[in-house]
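Worksheet: the structure to be examined is printed underneath.
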Amino acid sequence: MRDSDHEPVLVRSKWGTNRYVYNTSSPVGVALIIGSLLFAGIMLYSLHAGSRWTEDDLRDAVYQAAGDLHGAADPNGELLSDSPLAGDSDYNPYAMYDQGLIQDAIEDTGIGASSGLVVQDAESGGSGYEVSTFDTESTYCIRLTHHDGELYAGAADGPC
């Protein structure tokens, strides 16, 4: 037998502290060092991968959120329709409310990353809200209408 086969796994640090460290002269110590580095690398990679949106995740989240919103009760519908600007054809009293509602519904699906979601008014001037992320090139359209205290929602691929 070699002497290294009898080396302890942990030894006192030579850096002037009273801490114990893995012994690089022990085969078990070396295996634990390599295993710790592999574990840390895998964990960092999985955290990075979980913080990004994929094309499929975005599509699934948008369609599921639209399905969840369709037919749901509209908690602020009456309050917003009483706005003094509600009669102005260029004013949408629901715009800010709807963007938050859509963003919350997408986050509530539990699909995709927890950040990087963008919900904005349709650039074409049409009704609807465009949903995209910083990580993907896809854009989806969610049209949300309010009627008699209920929400009606539909999703489609592409911009509005």
Side-chain angles (χ1 to χ4, degrees), residues 9-10 17 19-22 28-160:
V9 176
L10 297 171
T17 64
R19 293 183 310 150
Y20 282 89
V21 296
Y22 292 132
V28 175
V30 171
L32 289 172
I33 291 170
I34 293 170
S36 299
L37 291 172
L38 284 173
F39 177 76
I42 291 169
M43 291 305 294
L44 287 173
Y45 176 77
S46 66
L47 284 173
H48 174 71
S51 67
R52 297 180 53 87
W53 283 92
T54 65
E55 300 287 340
D56 291 337
D57 286 346
L58 178 59
R59 185 175 197 287
D60 293 345
V62 166
Y63 278 90
Q64 183 175 334
D68 293 345
L69 288 172
H70 188 75
D74 185 4
N76 294 327
E78 289 181 23
L79 295 173
L80 294 171
S81 63
D82 291 339
S83 169
L85 298 173
D88 187 357
S89 62
D90 292 334
Y91 175 71
N92 180 1
Y94 297 103
M96 293 298 288
Y97 167 71
D98 285 350
Q99 288 174 359
L101 196 63
I102 291 168
Q103 186 156 355
D104 289 345
I106 291 173
E107 289 172 0
D108 288 346
T109 64
I111 300 171
S114 60
S115 64
L117 186 66
V118 178
V119 179
Q120 59 190 8
D121 287 336
E123 290 182 14
S124 64
S127 64
Y129 302 91
E130 293 178 350
V131 180
S132 60
T133 68
F134 297 120
D135 302 322
T136 62
E137 295 181 14
S138 299
T139 301
Y140 294 91
C141 178
I142 293 183
R143 297 193 189 280
L144 194 62
T145 57
H146 305 260
H147 184 68
D148 292 335
E150 285 190 18
L151 296 171
Y152 296 92
D157 292 3
C160 295

Report task. Give the minimum heavy-atom separation between G116 and W53, together with the two atoms involved. Result -> C-NE1, 4.2 Å
**Report entry** Which atom of E137 lies closest to which atom of E55, heavy atoms considered
**Finding:** N-OE2, 3.2 Å
Query raised in the report: Residues in salt bridge (charged side-chain N to carboxylate O under 4.0 Å, His left out) with D135, at least two apart?
Result: R52
Report summary line: Between A65 and I106 the two heavy atoms that sit nearest each other are CB-CG1, 3.6 Å
Query raised in the report: Just how far is it from atom CG of D68 to atom CD1 of I102, taken to the nearest 0.5 Å?
Result: 12.5 Å
Report task. State, yes or no, whether a side-chain contact exists between V131 and T139 at a heavy-atom distance under 4.5 Å. Result -> no
**Report entry** Side-chain heavy atoms of Q99 within contact of Y129, under 4.5 Å
**Finding:** yes
Query raised in the report: Between I142 and C160, what is the shortest heavy-atom contact and its length?
Result: N-SG, 4.3 Å
Report task. Locate the shortest heavy-atom distance separating L69 from A153; write the atom from each residue and the value. Result -> CB-CB, 3.9 Å
Report summary line: Of all heavy-atom pairs linking L58 and S138, the shortest is CD2-O, 3.9 Å
Query - Check: E107 and Q103 side chains under 4.5 Å, non-hydrogen atoms - result: yes
Query raised in the report: Should S36 and Y22 count as side-chain neighbours, where that means a heavy-atom distance under 4.5 Å?
Result: yes
Query - ring pair (Phe, Tyr, Trp, His ring centres under 6.0 Å) involving Y152 - partner list, sequence neighbours excluded - result: H70
Report task. Would you check if there is a donor-acceptor pair between the side chains of D157 and Y63 at a distance under 3.5 Å? Result -> yes
Query raised in the report: From T136 OG1 over to D57 CG, what is the distance, rounded to the nearest 0.5 angstrom?
Result: 10.0 Å
Requested in this report: Could you go through the side chain to side chain contact (heavy atoms under 4.5 Å, CB included) check for L10 and V21 one step at a time?
Outcome: CA-CA 5 Å; L10 297 171; V21 296; over 6 Å; no
Report task. State the OG1-CZ distance between T54 and R59, to the nearest 0.5 angstrom. Result -> 12.0 Å
